[in-house]
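What follows is a single structure, written as C-alpha cells, with notes after it.
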Amino acid sequence: MPRDGNLFRVCPGGFRTGALALLTVLGGCKPSAQEQAHHEAMLKEQAARRLEMCRDRFAPGPCPGATPSPLNPDPNAFGLHKWNNRWFKVPREYFATYGMTLYWPSKNPGAKGPAKPLETDWTVEVHIRSYDIPPEPRGFRRIEAAERDGRITRRAMVRPDLERIEYFDLHPFTGERAKTTSVSYVATDRRNPEGLPPVINCNQSPDPKQAGGGAGFFWRDGIYVSLLIREGHICEDWPELFDELNRILNLIQKV
C-alpha cells in the first residue's frame with residue numbers, strides 16, 4: 001500500500017495513476033520492473049484465454065483469424081455451432097446459444113416447434129464447449145476418490161440401475177473438505193463416452209424450485225458436455241435422462 005493510503009502510486013512527476021498504460025501517458029512516470037512484469041504476465045494470460053475461447057467462437061469479432069462459418073444448407077432444419085475448431089449442425093428444434101435444450105420428463109425439444117413445456121416439465125440445458133473444463137477428479141472419479149479417502153457417508157440402491165451416494169466433497173482448487181455432504185446419483189449399468197458410469201449431482205431441496213442438478217462428461221474431439229437443470233426433482237430419472245441426452249447428441253452432425 002502506498003504511503004498516501006490509496007491504491008494509486010505517486011509518480012515522480014506528481015501524477016497519480018493505477019493503470020500501467022497511464023503511467024507513460026501522464027508523463028514522467030515509468031512503471032517499476034515488478035509492475036511491468038505483472039502487466040506482461042496479465043497480457044499473456046488474456047491472450048491465452050482469448051485463444052482458448054476462440055476454439056468455440058465464430059469469426060470475425062474477437063477471433064478475426066478463426067475459421068469462417070461454413071454455408072448452412074438448411075437453416076430452417078439446423079443451426080451451426082463451432083466447438084474445438086470444428087463445425088457441427090445442431091437440429092433447430094434443440095438449438096440453443098450454449099448448445100441444446102429440452103424438457104423433462106416429456107422429452108419435448110426446447111428450442112423450436114409446436115412442443116411447449118408441460119406444467120410438469122423442467123428445462124434441461126445442455127452446454128457444449130471445449131474450454132472451462134472442470135478439473136479432475138470429476139464425475140465417477142470424484143466418487144472413487146471420496147471412497148478411497150473414507151468420505152462417503154451413505155450409499156443406497158434406489159433401483160437396480162441407479163445408486164444414490166452421499167459424501168463429503170473437496171473444493172476442486174483448495175482441496176478443503178466441505179462442511180455438508182453432497183448427493184450424487186450413478187446410472188450403474190450405463191457408460192458415458194469416457195467409459196465410466198454417468199453421474200449427476202443433485203440439490204436435495206424439498207422445494208422443486210430449489211432442486212435440480214448437474215452432470216458432465218467428455219463427448220468427442222475434446223468437447224465437453226455439461227448438463228444443467230436449474231429446477232425440478234429429476235435425479236431419480238437419471239438413467240432415462242442420460243439415454244435421452246445420448247439420443248439428441250447423436251442427432252448432431254459434423255460439417
Side-chain angles (χ1 to χ4, degrees), residues 52-53 55-58 69 72 74-118 120-135 138-142 162 184-187 190-203 208-209 211-255:
E52 182 181 49
M53 297 183 72
R55 295 199 302 259
D56 291 11
R57 290 188 174 177
F58 294 17
S69 172
N72 189 346
D74 192 351
N76 291 322
F78 295 96
L80 290 177
H81 263 304
K82 180 189 171 197
W83 299 309
N84 202 18
N85 288 323
R86 295 169 174 85
W87 287 93
F88 296 87
K89 294 192 301 183
V90 178
R92 184 62 71 180
E93 62 267 30
Y94 291 100
F95 186 88
T97 55
Y98 48 75
M100 307 176 82
T101 183
L102 71 146
Y103 300 117
W104 188 265
S106 72
K107 302 183 184 180
N108 286 336
K112 185 181 179 183
K116 294 183 179 180
L118 305 176
T120 55
D121 267 345
W122 304 102
T123 301
V124 179
E125 301 175 10
V126 185
H127 294 251
I128 306 175
R129 62 188 185 275
S130 68
Y131 61 91
D132 288 345
I133 310 301
R138 56 178 174 265
F140 192 71
R141 292 190 183 95
R142 205 172 189 87
L162 184 64
S184 295
Y185 285 73
V186 181
R190 270 76 164 175
R191 292 295 180 270
N192 63 28
E194 298 178 77
L196 296 170
V199 176
I200 188 168
N201 304 313
C202 303
N203 299 325
K209 294 287 186 180
F217 54 85
F218 271 107
W219 172 45
R220 55 174 293 177
D221 302 319
I223 300 167
Y224 192 78
V225 170
S226 179
L227 205 68
L228 178 61
I229 303 102
R230 300 180 188 273
E231 300 175 337
H233 294 140
I234 45 78
C235 287
E236 294 196 3
D237 294 341
W238 176 229
E240 293 76 22
L241 178 55
F242 178 74
D243 290 343
E244 182 63 11
L245 174 61
N246 273 328
R247 187 189 72 81
I248 67 171
L249 286 173
N250 285 333
L251 298 176
I252 297 175
Q253 301 176 31
K254 195 171 182 179
V255 177

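Predicted model, so just to flag it, every value in this text is computed and none were measured.
Exactly one of Phe217, Phe242, Trp238 qualifies for a side-chain contact (heavy atoms from CB on, under 4.5 Å) with Leu227. That residue is Trp238. When each of Arg220, Met100, His81, Lys89 is checked for a side-chain contact (heavy atoms from CB on, under 4.5 Å) with Ile252, only Met100 meets the rule.
Heavy atoms only, all atoms of each residue included: Glu93 and Ala77 are closest at OE1-O, 4.4 Å. Closest of all the heavy-atom pairs between Gly232 and Ala211 is O-CB, 3.4 Å. Across all their heavy atoms, Pro239 and Leu162 have their closest contact at CD-CD1, 3.8 Å. Of all the heavy atoms in Phe218 and Glu194, the pair that sits closest is N-OE2, 3.0 Å. Of all non-hydrogen atoms in Asn84 and Gly222, the two that sit nearest each other are ND2-CA, 3.9 Å. Shown here for Ala111 and Thr101, the closest heavy-atom pair between the two residues is N-CG2, 3.8 Å.
With rounding to the nearest 0.5 Å, the separation of OG1 in Thr123 from CG in Asn108 is 11.0 Å. Here the CG-CZ distance, from Leu196 to Phe140, works out to 7.5 Å after rounding to the nearest 0.5 Å. The structure places CG of Leu102 at 7.0 Å from CG of Leu241, a figure rounded to the nearest 0.5 Å. Atoms CG and CD1, from Asp56 and Ile128 in turn, are 10.0 Å apart once rounded to the nearest 0.5 Å. Atom CD in Glu125 sits 9.0 Å away from atom OG1 in Thr97 (nearest 0.5 Å). With rounding to the nearest 0.5 angstrom, the NZ atom of Lys82 is 10.0 Å from the CZ atom of Arg55.
Using the six-membered ring where Trp is involved, Trp219 and Trp83 have ring planes that are perpendicular, over 60° apart on the 30 and 60° scheme.
Taking a 6.0 Å sphere around NZ of Lys209, one finds it holds 12 or fewer heavy atoms contributed by other residues, nucleotides or ligands.
For the pair Ile229 and Ile200, the minimum side-chain heavy-atom distance is below 4.5 Å. With a 4.5 Å cut-off on side-chain heavy atoms, Arg92 and Phe78 do not count as touching. For the pair Asn201/Arg142, no side-chain contact is recorded, criterion being any heavy-atom separation below 4.5 Å from C-beta on. A heavy-atom distance below 4.5 Å is not found between the side chains of Ser226 and Tyr98. A 4.5 Å side-chain heavy-atom check between Pro197 and Arg190 finds every atom pair outside the cut-off. Side-chain contact check for Trp122 versus Asp237: every heavy-atom pair is 4.5 Å or farther apart.
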